[in-house]
Amino acid sequence: MSNLQSLKLKEIDGNHFWILLTRYELSAEKYANLSNEELEEYFCSKDIQIRNQYPPISSTLTLRGYLRISWDFRVNYNKGIDLVFFPEENPYINYVVLYAKDFEKSFLGYDDFVATDRELSKVKIPYHINDDFAKEVLSQSDSTKAQQEKFFNSRFGSVFAPLEISFEWFVAYWDLYANPLQSRFDFSQVILLPKYDKYLNGNLESGGVLTLCLGVIHSYKILPKDSNFNYPAFIPNLYNEEDFLYQPISYFKLFEPLPTSALAYTHSDINKFIINLRDKPSKEGRILAQLLSQTLQWQSLIPKYKKLQLMEDLGEETIFVALKKEVEELDKAKQAYYQENKSKLTNPLNAKEYLVLVWNIDSNNWAKVWILKMPEDKILSYDLYRVYLSDIGENNSTKDLENYTKTFLESPSKLKLYEGYIHTNGLGYLLSFGGDYIRK
């Protein structure tokens with residue numbers, strides 16, 4: 001049985017015969033006028049059934065629905081705005097990641113076992129590509145001026161607007177667990193949505209691999225705020241791969257605003273293990289607490305291992321094992337440093353004792369933060385690919401995180417240890433957390 005994800009290109013019978021791609025190819029001039037019998041030379045019966053069931057389509061789709069405008073998942077001042085469009089019920093897509101302008105791109109060739117000119121191999125997308133479009137749409141939406149200012153003065157959060165959008169569509173194959181030493185382009189380093197979004201995710205059930213639909217906007221029309229869209233009540237979501245059990249999720253959960261704050265983890269250079277919390281956004285600020293970094297910025301080691309790979313003519317997996325081993329040794333050295341120097345540090349906290357809540361980020365990349373207690377019975381598990389909150393023993397990590405969030409919203413003083421400033425060089429995004437303060 002296939003891994004049916006909550007949101008990706010729609011499939012037929014659980015197999016990877018995508019309606020969108022197949023119907024597009026069948027719409028080509030080469031096949032458009034052939035009979036079903038003649039098509040059997042090129043397509044299987046399921047593909048031919050798609051032509052009989054759905055009208056021809058081109059490289060441009062025009063659909064109605066809600067557009068989510070949100071800050072991307074980075075802990076940085078200069079970062080992009082994501083446009084995620086959720087069209088109402090249609091045969092082709094559940095969502096599309098949109099861009100306001102065209103961008104540099106290349107395509108997979110036919111020698112890569114692909115059948116259309118829609119499948120991307122590489123993209124280069126400027127971080128500010130959607131800024132002007134977001135301002136234009138929000139100025140015409142039902143958001144108040146104060147709400148618009150709150151959004152653009154924040155560095156997290158989201159707003160929604162009902163639109164009809166025409167866009168040229170493309171397909172990108174996104175891999176969460178791509179080997180960092182691989183030579184091919186890695187979409188997961190450019191498009192962060194599936195890594196951190198609660199529902200639009202590439203998770204363990206999917207093997208970390210998703211098929212994303214990307215789009216370049218050609219035109220749009222703002223629709224009335226009371227527009228009645230035809231969304232299904234629920235979407236399927238796999239939660240137990242071994243037993244093939246599916247838990248439906250309300251489609252309208254997708255329209256819940258993202259929090260305007262976020263949890264972060266600390267990371268440091270491979271030869272520096274301490275992150276300083278200061279009383280003002282400056283290196284001259286007084287140190288309030290010193291935090292043992294939760295990860296090391298091992299990416300700085302990649303050039304060294306790529307060079308070694310070329311010199312020794314070794315495979316990617318062999319080199320990756322060596323890289324992972326060095327990171328593990330550095331992590332042991334980090335912990336030994338903390339134990340040896342703990343008495344000399346100011347209000348020291350070990351890596352498993354805290355989380356960082358980021359409220360906002362100034363133009364010099366200083367983050368206003370709270371240091372929170374780590375959730376009970378939880379550790380942060382970091383590997384070379386992903387940061388995620390993992391459970392211990394029989395605990396339900398999702399439920400525990402809900403309880404942790406509830407405690408924070410109702411009694412933040414129970415979790416708060418310190419507040420101050422940390423430069424974003426020492427922070428990485430973990431997950432959305434807190435409340436939505438844009439609509440309030």
Side-chain angles (χ1 to χ4, degrees), residues 5-8 64-74 81-89 93-98 130 134 137-138 141-144 146-148 150-163 165 191-203 210 223-239 246-264 357-360 388-389 396-410 412 429-440:
Q5 286 305 297
S6 58
L7 291 167
K8 64 177 178 179
R64 294 166 13 113
Y66 283 109
L67 177 70
R68 188 182 80 183
I69 302 172
S70 58
W71 289 103
D72 80 5
F73 298 100
R74 289 180 174 87
I81 290 176
D82 290 329
L83 304 176
V84 185
F85 185 48
F86 302 99
E88 61 184 341
E89 180 64 23
I93 57 173
N94 288 308
Y95 78 101
V96 55
V97 180
L98 292 175
N130 293 326
V137 169
L138 290 182
S141 71
D142 68 324
S143 298
T144 66
Q147 289 168 347
Q148 294 173 44
K150 281 184 180 180
F151 175 77
F152 287 108
N153 289 332
S154 300
R155 281 301 175 269
F156 306 103
S158 65
V159 289
F160 289 83
L163 276 78
I165 304 179
I191 303 171
L192 299 184
L193 275 164
K195 185 172 183 179
Y196 297 114
D197 195 284
K198 185 175 181 180
Y199 298 113
L200 318 183
N201 54 52
N203 50 32
L210 289 180
L223 300 177
K225 64 179 180 180
D226 57 353
S227 295
N228 185 22
F229 297 125
N230 179 28
Y231 287 108
F234 294 97
I235 50 178
N237 185 53
L238 182 66
Y239 73 93
Y246 294 85
Q247 176 182 353
I249 294 177
S250 169
Y251 209 96
F252 290 94
K253 280 189 173 292
L254 297 170
F255 307 135
E256 295 176 355
L258 296 175
T260 46
S261 53
L263 287 179
L357 174 66
V358 180
W359 287 107
N360 213 338
Y388 55 92
L389 205 60
N396 184 312
S397 60
T398 302
K399 189 67 177 178
D400 286 350
L401 184 58
E402 290 176 358
N403 292 335
Y404 186 76
T405 303
K406 182 179 179 181
T407 299
F408 171 78
L409 294 174
E410 294 177 355
Y429 191 94
L430 183 61
L431 53 86
S432 297
F433 183 81
D436 167 36
Y437 301 105
I438 294 174
R439 287 284 177 182
K440 294 182 180 180

**Q** Roughly how far, to the nearest 0.5 Å, is the CG atom of Leu163 from the CG atom of Leu98?
**A**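 Leu98 atom CG to Leu163 atom CG measures 9.5 Å (nearest 0.5 Å).
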**Q** Is any side-chain heavy atom of Leu67 less than 4.5 Å from a side-chain heavy atom of Leu83?
**A**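 Yes, side chains in contact.
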**Q** Does the plane of the ring in Phe433 sit parallel, tilted or perpendicular to the ring in Phe408? Use 30° and 60° as the thresholds.
**A**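 Geometry flag for Phe408 against Phe433: tilted rings.
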**Q** Please give me the minimum heavy-atom distance between Phe73 and Ser432, naming the atom from each residue.
**A**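 Heavy-atom minimum between the residues: CE2-OG, 3.8 Å.
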**Q** Within the structure provided, determine whether Phe151 and Ile81 are in side-chain contact (heavy-atom separation under 4.5 Å).
**A**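 Of all side-chain heavy-atom pairs linking Ile81 with Phe151, at least one is under 4.5 Å.
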**Q** Does Leu192 offer a backbone N or O that forms a donor-acceptor pair with the side chain of Asp82 under 3.5 Å?
**A**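 Here the side-chain-to-backbone pair does not exist.
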**Q** Taking the side chain as every heavy atom from C-beta outward, state whether Leu254 and Tyr231 have any atom pair closer than 4.5 Å.
**A**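 No; the side chains remain at least 4.5 Å from each other.
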**Q** Taking atom OH of Tyr196 and atom CG of Asp72, what is their separation to the nearest 0.5 Å?
**A**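 If we round to the nearest 0.5 Å, Tyr196:OH and Asp72:CG are 10.5 Å apart.
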**Q** With a 6.0 Å cut-off on the ring centroids, do Phe86 and Phe229 count as close?
**A**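 No, too far apart.
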**Q** Looking at Glu89, is its backbone amide N or carbonyl O close enough to the side chain of Asn230 to form a donor-acceptor pair, meaning the two atoms are under 3.5 Å apart?
**A**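 Not a single qualifying donor-acceptor pair exists.
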**Q** Could you measure the distance from the OH atom of Tyr66 to the CZ atom of Phe255? Nearest 0.5 Å is fine.
**A**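 Output value for this atom pair is 7.0 Å.
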**Q** Closest approach of Glu88 and Asn228, non-hydrogen atoms and distance?
**A**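 Closest approach of Glu88 to Asn228, heavy atoms only: OE1-O, 4.5 Å.
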**Q** So which atom in Pro87 and which in Asn94 form the shortest heavy-atom distance, rounded to 0.1 Å?
**A**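 Closest approach of Pro87 to Asn94, heavy atoms only: CD-O, 3.6 Å.
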**Q** Roughly how far, to the nearest 0.5 Å, is the CG atom of Asn153 from the CG atom of Asn360?
**A**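 If we round to the nearest 0.5 Å, Asn360:CG and Asn153:CG are 8.0 Å apart.
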**Q** Mind listing the closest non-hydrogen atom pair of Ser70 and Leu258 along with its distance?
**A**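 Ser70 and Leu258 have their closest heavy atoms at CB-CD1, 3.9 Å.
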**Q** Short question: side chain of Trp71, backbone of Thr260 - any donor-acceptor pair under 3.5 Å?
**A**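 A pair under 3.5 Å: no.
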**Q** Which atoms form the tightest heavy-atom contact between Ser141 and Ala161, and what is the distance?
**A**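 Taking every non-hydrogen atom into account, CB-CB, 4.4 Å.
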**Q** Do Arg64 and Leu223 pass the side-chain contact (heavy atoms from CB on, under 4.5 Å) test, and can you show the C-alpha distance, the side-chain angles, and the key distance before you say yes or no?
**A** CA-CA 9 Å; Arg64 294 166 13 113; Leu223 300 177; 3.8 Å; yes
**Q** Nearest 0.5 Å, please: how far is CZ in Arg68 from CG in Leu193?
**A**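 Going from the CG atom of Leu193 to the CZ atom of Arg68 covers 6.0 Å.
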**Q** Looking at CG of Leu431 and OG1 of Thr405, how far apart are the two atoms once the value is rounded to the nearest 0.5 Å?
**A**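 With rounding to 0.5 Å, CG (Leu431) is 8.0 Å from OG1 (Thr405).
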**Q** I need the minimum non-hydrogen distance between Ser143 and Leu138, along with the two atoms involved.
**A**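 The answer is OG-CD2, 4.3 Å.
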